[in-house]
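Letters go in sequence order (proteins before strands), and every chain restarts at 1. Below, all heavy atoms of this structure are taken into account, side chains as well, without hydrogens, waters or symmetry copies. What you see is a predicted model; the values in this text were computed from it and never measured.
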There are 2 protein chains.
Amino acid sequence: MIEGPYIAEIASLIGDPARANMLSALMDGRALTATELSLIAGVTPQTASSHLGKMQTAGLLSLEKQGRHRYFRLSGQDVADALEALMVLSSQTNPRKRHTGPKDQAMRHARTCYDHLAGCVGVALTDALIERGLIRDQDHGLAITEAGSRYFEQIGIDIPQLKTGKRAVTRPCLDWSERRPHLGGALGAAILDRFLEKGWLNRRKNSRTIQITPPGYQALREEFGIPADLLAANV
Amino acid sequence: MIEGPYIAEIASLIGDPARANMLSALMDGRALTATELSLIAGVTPQTASSHLGKMQTAGLLSLEKQGRHRYFRLSGQDVADALEALMVLSSQTNPRKRHTGPKDQAMRHARTCYDHLAGCVGVALTDALIERGLIRDQDHGLAITEAGSRYFEQIGIDIPQLKTGKRAVTRPCLDWSERRPHLGGALGAAILDRFLEKGWLNRRKNSRTIQITPPGYQALREEFGIPADLLAANV
DNA sequence: ACAACAGTTCGACTAACATCGAACCATGAT
DNA sequence: ATCATGGTTCGATGTTAGTCGAACTGTTGT
């Protein structure tokens with residue numbers, strides 16, 4: 001009667017509001033402490049501890065101890081994938097409940113997805129990289145071109161270094177708001193890092209949303225030819 | 001505190017064992033009646049009715065009345081996507097529980113995913129279609145080539161007809177067992193239909209698994225060059 | 001050493017929800 | 001008409017699991 005993987009366990013794990021909030025917060029890609037997560041979820045530390053324990057033993061979260069702090073993060077890209085797939089569903093199946101507030105606007109415009117750039121801007125950047133011949137479609141995925149290799153090295157991303165890791169260098173990741181893929185993987189993460197370091201982008205605190213700074217605005221338009229109206233969402 | 005789509009509702013909906021079983025059964029892609037689903041889930045018709053009602057109002061299922069029967073099916077590809085993503089998770093996060101019985105073997109070898117071919121064979125076929133230049137990667141997706149257009153017409157698939165539908169013609173779909181994409185969309189569904197009609201494949205009843213017939217074995221090897229050892233899994 | 005803080009364990013409470021028995025509405029067959 | 005079958009609604013039941021108060025284990029800092 002029952003065959004294949006048991007999706008019910010995992011799904012019910014994600015199905016609790018407190019846990020879902022924690023997971024959504026961790027889509028950020030960074031690690032958060034137990035108390036931070038308890039605040040985000042709106043529950044007491046005891047309750048949060050229970051939830052975190054369950055998610056960790058289920059393999060959704062990975063734990064990193066640092067002194068008296070315990071940092072939790074999503075255990076991998078697959079978890080982020082499943083969460084995004086659920087977001088696709090819940091953003092379209094019952095659109096009546098979707099409160100399209102300013103936060104939602106910002107979320108659709110630019111946000112982090114696990115550890116790379118997503119949203120409208122993330123998709124546009126991916127398209128631009130293909131347009132410029134820095135990456136290209138290949139074998140159901142994305143590959144770095146010769147020109148891309150040179151360019152990424154030039155802006156300070158160590159491509160050979162990326163290839164040594166066990167993580168996939170490039171990886172298409174489906175976007176819940178745009179319903180189109182954007183660039184993930186080690187390269188996607190490295191690009192986000194560089195853009196943050198360059199001061200082109202800013203993380204808003206307590207949110208996955210990303211702010212484009214004036215220099216970033218200029219750079220994305222001039223270097224990648226991303227249309228101005230696309231960058232300047234009313235947020 | 002809470003932002004973006006509410007994934008908890010959807011996830012908890014999928015998180016109930018009875019409902020998860022129903023959904024898994026419907027990954028088949030075909031429509032099943034309420035009582036059939038109640039049997040699959042192992043609950044009484046009353047309970048099943050309640051579950052089905054909830055999933056329908058949530059937009060996971062779509063309903064088709066025929067006489068005194070009510071046929072339920074997955075409401076779309078996105079639902080199947082989310083389920084597959086959850087399968088990816090549950091197949092790897094707690095592998096201890098994964099009973100690798102014969103059914104599981106067959107599942108990994110060849111199965112239907114919503115309405116197209118998946119599993120090891122599904123991925124191999126997709127690769128073969130690309131190899132032969134019948135489809136190709138394009139814009140983060142798959143596109144039909146000129147040669148492909150001619151070929152598919154020749155084997156009885158009406159490509160212009162497919163393009164009139166609102167459904168995407170080609171669509172990469174991530175495989176939970178292979179962890180690689182295979183061909184979905186209207187074309188993927190049409191190919192499965194044709195292969196079933198030709199007698200190359202057989203649906204096993206009460207299962208999503210697919211059996212390759214002797215003529216199918218020969219055809220897939222000769223027409224698409226799929227290695228024999230890949231087709232002849234020990235099932 | 002002491003206090004403050006991060007985090008966990010334990011036990012009890014509560015609320016949500018899946019489940020089923022029974023009765024009820026359809027549709028289809030005789 | 002009458003009966004069987006597919007399916008739903010209602011109400012009652014019972015179990016599960018999220019929640020928090022209180023007490024406890026560490027770690028950091030003064």
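- Electrostatic pairing of A:Lys163 and A:Asp158 does not count as a salt bridge here, judged by no charged N lying under 4.0 Å from a carboxylate O.
- You can see that DNA chain D meets the heavy atoms of chain B within a 4.0 Å-exclusive cut from D:dA4 to D:dT9, reading 5' to 3'.
- For B:Thr170, the side-chain contact (heavy atoms from CB on, under 4.5 Å) criterion is met by B:Leu142, B:Ile144, B:Leu183, B:Leu187, not counting sequence neighbours.
- At least one side-chain heavy atom of A:Tyr114 sits under 4.5 Å from a side-chain heavy atom of A:Leu74.
- Backbone-only engagement by A:Lys54 is indicated by non-hydrogen atom pairs under 4.0 Å involving sugar-phosphate atoms exclusively.
- Side-chain contact, A:Ser177 with A:Arg111: a donor N or O sits under 3.5 Å from an acceptor N or O.
- Under the salt bridge (Lys or Arg N to Asp or Glu O under 4.0 Å) criterion, the residue pairs touching residues 112-123 of chain A are A:Asp115-A:Arg167, with sequence neighbours excluded.
- For the side-chain contact (heavy atoms from CB on, under 4.5 Å) test, residues two or more places apart in sequence or in another chain that qualify with B:Arg194 are B:Ile157, B:Glu197, B:Lys198.
- The span of DNA chain C lying next to chain A, judged by atoms under 4.0 Å from heavy atoms, is bounded 5' to 3' by C:dA4 to C:dT9.
- Two residues, A:Gln66 and A:Thr47, neighbour DNA chain D, and the one matched to the more 5' nucleotide by heavy-atom proximity is A:Thr47.
- Between A:Arg208 and A:Glu84 there is a salt bridge, with a side-chain nitrogen of the basic residue lying less than 4.0 Å from a carboxylate oxygen of the acidic one.
- Comparing A:Arg68 and A:Gln46 by the nucleotide of DNA chain D that holds the closest heavy atom to each, the one mapping nearer the 5' end is A:Gln46.
- Residue pairs satisfying the ring pair (Phe, Tyr, Trp, His ring centres under 6.0 Å) criterion with at least one member in residues 14-60 of chain B, sequence neighbours excluded, are absent.
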